[in-house]
Amino acid sequence: MMAKSEQANEEWHSTACNLCFVNCGIQLKLGGDNERQILKVRGDKDHPTSQGYICNKASRLDYYQNSQARISSPMRRTADGRYEAVDWDTAIGEIAGKLQAIRDEHGGDKILYYGGGGQGNHLGGAYATSLRKALGIRYKSSAISQEKTGLSWVFSRMIGGLVHPEVHHAKVAMFVGKNPFMSNGLDRARLFLKEIKKDPERTLIVIDPRRSETADHADIHLAVRPGRDAWCLGAILAHIVQSDLLPMDWLAEHASGYEKVIERFKAIDVDRYAEFAGISPSQVRDTAEIIAKAESFALEEDIGVQMAPHSTLVTYLNFLLMLMNGNYGKPGTMGMFTQLAEMIAVDYGPVDENGYETERRTLPVTGAPIVSGLFPANYLTEEILNEDPRRPRALIVESSNPVHSLSDAKRMRKALRHLDFSLAIDVVMSETALECDYVLPASSQYEKWEATFFPRNFPANIFYLREPVLKPMPNTLGEPEMHARLLEALAVFEDGELDSLKAAAQTGLAAYQGELFTQMGSNRKIASYLPYVLYRTLGPALPAGQEATAAIWGLCQMYVLKHSAEAARAGFSGPTAGSDLFQALVDSPTAVEIGVSTYEESWARIPHPDNKLQMLMGELLDEVDVLDKLEPLHKTSDEYPFALVAGVRRAYTANCNIRDPQWAKGRAVTALTMHPEDAQRFGLEEGKRVLLETETGQAEVELAYDERMHLGTISVPNGQGMRFVNENNELEDTGVYVNELTSVFHRDRFIGTPLHKFVPARVSAC
């Protein structure tokens with residue numbers, strides 16, 4: 001197969017979009033000074049899942065690549081809070097020395113790690129594992145703990161593996177807290193919505209307080225009152241139970257614990273739940289019967305409920321709605337898929353006979369639960385801001401911006417300055433970087449080999465190892481090289497200790513593989529620091545510039561051993577399967593199919609007793625008792641009469657990847673939106689500046705009317721309010737910095753995910 005760098009068509013360069021986790025395949029046309037400007041973007045028709053589809057955001061990628069915000073030198077904070085440029089040797093030496101001193105005095109468990117990749121750059125994070133090992137770091141987190149750990153807790157306990165809801169093929173599909181028309185969040189989102197709307201044999205259900213753009217394509221829109229999704233879902237499931245619509249024979253064969261779920265939902269007053277949720281009982285009953293009688297049903301939830309009241313309970317109810325109705329392990333439902341590397345680790349532990357978890361790792365100071373190996377980021381400042389001897393002393397932040405993305409930015413800034421040491425690794429001088437002691441400048445996602453571990457397709461899954469399309473900005477490094485230099489400054493390996501592996505790598509992959517396994521058997525350090533070892537031994541033997549892909553070779557070996565049948569169906573079998581898969585990833589200009597699963601394997605891979613699904617989660621079934629009171633845990637008041645959705649997807653929002661406000665086109669793109677009836681009630685004029693206030697902060701913002709909004713609800717977009725200095729050295733207004741307005745104490749009581757989608761607020765004229 002022709003290598004990527006030898007492609008005949010040099011005008012268009014294949015890569016992937018980095019603005020959401022779907023990572024659609026794209027092609028770039030370059031030009032401008034030194035061919036560094038992205039002039040045009042189009043969809044990659046050869047990409048196996050996006051198939052040429054892109055959304056409007058991808059066309060604006062040059063604002064990421066060539067931002068005024070980028071940095072090109074290691075930066076060190078001075079005593080007066082300013083930053084000075086230092087050379088790489090100085091930065092690496094001083095950083096390693098400070099981290100080593102903290103480890104030796106306080107223990108490596110007092111150094112925390114946050115991040116490891118954004119929407120499209122996970123390869124660097126794979127190498128951070130070696131540095132974490134060298135420093136003895138025990139506690140890590142990332143943005144996933146802001147959204148998905150409730151989801152991972154539920155699917156781990158109920159199923160025991162990562163699953164893909166097949167909304168693209170289900171006869172009845174449902175979205176809860178998800179607006180893929182704007183956020184994408186699934187393959188070929190807008191094309192899918194058009195197709196299902198036109199298909200008389202299929203039904204789309206949307207639960208959303210707002211009449212979203214996705215709801216425009218739905219057959220049923222349940223306009224639930226803000227924060228009351230749990231009552232709506234509870235009513236739907238209760239009607240199915242009480243109408244004897246459950247597949248009892250299927251449940252008896254494939255599930256455990258369903259009897260207690262049935263008993264509890266028989267006692268629910270469907271009409272009262274529905275009315276409290278703001279939905280007519282007849283609409284709830286009609287929806288329930290459509291779901292129960294469907295040939296296949298699949299549901300996707302997203303941060304609209306994962307960052308809202310009762311978030312973890314809502315996830316449990318969503319999975320009950322699918323699994324109690326027999327929607328697993330058959331076409332159009334859910335299947336357990338395989339990944340080259342797990343992005344969200346499966347995490348299930350022992351439970352007692354009543355379905356209650358009996359063991360869980362926790363943070364030492366706050367006792368916050370660690371799920372999927374991640375501590376809840378919403379507890380981070382509490383863990384730091386105290387004088388407990390167990391408190392963290394240092395924090396490493398990689399490809400993340402917690403000061404901007406976590407609740408209560410002011411408190412997060414204070415926590416960073418309370419630490420003995422902090423390090424940020426990023427392409428820009430982010431809000432977090434501006435509080436850290438050192439900042440290391442990374443090459444952009446399009447200047448280095450990159451990959452994302454997100455793909456979660458079924459039955460065939462993919463992986464995309466992306467070649468750089470641009471040369472690195474001078475004086476920046478890829479994260480694998482940064483981690484390697486820091487590890488070497490810590491003197492983990494002796495001189496010559498890896499020489500035999502380096503020599504074997506020069507003779508070919510087969511010889512290297514044999515020597516690596518031999519060395520792993522005799523030297524425990526090799527396995528403990530495997531990403532670093534691969535980078536420094538196999539990396540130099542790969543084509544120039546490709547060193548960072550060495551860890552992918554290692555992942556390929558593990559993948560074909562663990563998932564040999566799936567890999568074989570994708571064409572990778574035999575003794576060289578791992579290296580063959582690696583070479584296919586390196587050579588292909590687009591994503592590669594790495595494994596094909598079956599529905600039968602979805603059953604065989606359930607790790608629970610008798611390969612049965614577990615319907616009972618005692619903690620969350622008990623939480624249904626709270627719903628019976630018909631009292632929301634989180635509510636508005638006379639003082640704060642609005643429910644603020646602090647961070648909503650709009651046509652031009654993309655988290656923190658694009659900082660330059662010029663990228664967002666259109667009218668009122670950063671405005672606060674409100675239903676015109678609410679605006680009239682409070683005497684607020686469209687287009688005027690208003691004061692938005694919560695218990696933690698305030699901001700001035702332009703007001704825009706939106707008749708799609710639910711009464712009593714307001715919203716501001718995500719990915720705004722960042723510090724951006726333009727080419728004239730002027731600080732530009734980039735919208736509302738939402739986490740100046742949110743509270744760390746406003747969180748889900750089980751997992752700690754923040755409730756950004758329901759923040760009590762008030763609005764007044766400026």
Side-chain angles (χ1 to χ4, degrees), residues 91-92 94-117 122-145 149 341-345 347 361-377 379-384 388-400 402 406 412 415-416 418-426 432 436-440 442 479-493 524-525 527-533 535 551:
I92 293 295
E94 292 180 358
I95 291 167
K98 291 176 182 296
L99 288 169
Q100 186 173 31
I102 291 171
R103 180 198 64 186
D104 293 347
E105 181 178 355
H106 300 288
D109 61 323
K110 308 305 188 302
I111 305 172
L112 302 183
Y113 176 86
Y114 187 91
H122 296 150
L123 190 51
Y127 287 96
T129 58
S130 294
L131 180 62
R132 294 203 303 268
K133 174 69 175 178
L135 291 170
I137 294 175
R138 292 185 58 196
Y139 304 109
K140 65 176 182 176
S141 191
S142 72
I144 289 173
S145 72
T149 40
E342 283 186 349
M343 194 64 227
I344 304 177
D347 180 1
R361 282 183 66 212
T362 60
L363 283 175
V365 177
T366 60
I370 295 172
V371 178
S372 293
L374 305 174
F375 65 80
Y379 283 85
L380 179 58
T381 58
E382 284 176 82
E383 196 74 13
I384 295 171
D388 191 301
R390 299 169 298 170
R391 73 185 186 278
R393 300 290 182 145
L395 177 67
I396 299 171
V397 179
E398 180 176 351
S399 300
S400 292
L406 302 188
M412 189 67 229
L416 280 169
H418 189 68
L419 294 166
D420 296 346
F421 179 77
S422 53
L423 166 67
I425 299 172
D426 212 324
T432 300
C436 288
D437 296 312
Y438 287 79
V439 185
L440 297 180
E479 293 88 344
E481 181 65 22
M482 296 185 203
H483 293 306
R485 293 188 187 187
L486 287 168
L487 199 74
E488 286 155 4
L490 293 169
V492 173
F493 286 91
R524 294 179 61 185
K525 281 201 299 184
S528 296
Y529 297 95
L530 187 57
Y532 167 78
V533 171
Y535 181 70

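These numbers come from a predicted model, not from an experiment.
Nearest heavy-atom pair, Pro389 versus Lys110, reported as atom, atom and distance to 0.1 Å: O-CE, 3.6 Å. Closest approach of Leu490 to Ala96, counting heavy atoms only: CD2-O, 3.7 Å. Of all heavy-atom pairs spanning Asp420 and Asp437, the tightest one is O-OD2, 4.0 Å. Considering all non-hydrogen atoms of both residues, Leu99 and Ala394 come closest at CD2-CB, 4.3 Å. In plain terms, the two heavy atoms of Ser372 and Asp347 that are nearest each other are N-OD2, 2.7 Å. Nearest heavy atoms, Cys436 versus Leu423: SG-C, 4.1 Å.
A distance of 12.5 Å separates CZ in Arg132 from CD1 in Ile111, rounded to the nearest 0.5 Å. The structure places OH of Tyr139 at 13.5 Å from CG of Leu374, a figure rounded to the nearest 0.5 Å. Put simply, CZ on Arg391 and CG on Leu112 are 12.0 Å apart, with the number rounded to the nearest 0.5 Å. Residue Tyr438 holds its OH atom at 11.0 Å from CD1 of Ile92, rounded to the nearest 0.5 Å.
When Ile370, Leu363, Asp109 are each tested for a side-chain contact (heavy atoms from CB on, under 4.5 Å) with Arg138, only one passes: Asp109.
Judged as a side chain to side chain contact (heavy atoms under 4.5 Å, CB included), and not counting sequence neighbours, the contacts of Pro531 are Tyr127, Thr129, Ser130. A search for side chain to side chain contact (heavy atoms under 4.5 Å, CB included) contacts involving Ala143 returns Tyr114, not counting sequence neighbours. Taking His122 as the reference, Phe453, Phe454 meet the ring-ring contact (aromatic ring centres under 6.0 Å, His included) condition, with sequence neighbours excluded. When the side-chain hydrogen bond (donor to acceptor under 3.5 Å, both in side chains) test is applied to Glu488, the partners found at least two apart in sequence or on another chain are Tyr532, Arg536. With sequence neighbours left out, Arg485 forms a salt bridge (charged side-chain N to carboxylate O under 4.0 Å, His left out) with Glu481. In terms of the side-chain hydrogen bond (donor to acceptor under 3.5 Å, both in side chains) criterion, residue partners of Ser145 (sequence neighbours excluded) are, by chain and number, Ser141.
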**Prompt:** After noting the C-alpha distance and the side-chain angles of Ile396 and Leu135, does the key distance pass the side-chain contact (heavy atoms from CB on, under 4.5 Å) rule?
**Reply:** CA-CA 11 Å; Ile396 299 171; Leu135 291 170; 4.0 Å; yes
**Request:** Could you go through the side-chain contact (heavy atoms from CB on, under 4.5 Å) check for Glu398 and Met482 one step at a time?
**Result:** CA-CA 11 Å; Glu398 180 176 351; Met482 296 185 203; over 6 Å; no
**Request:** Start with the C-alpha gap between Leu419 and Arg393, add the side-chain angles, then the distance that decides, and say whether side-chain contact (heavy atoms from CB on, under 4.5 Å) holds.
**Result:** CA-CA 5 Å; Leu419 294 166; Arg393 300 290 182 145; 5.6 Å; no
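Residue Lys98 places its NZ atom among 12 or fewer non-hydrogen atoms of other residues, nucleotides or ligands, all under 6.0 Å distant.
Val533 has its side chain within reach of Phe493: a pair of non-hydrogen atoms, C-beta onward, lies under 4.5 Å apart.
A distance-only check finds a donor-acceptor pair linking the side chain of Lys525 to the backbone of Val492 [under 3.5 Å].
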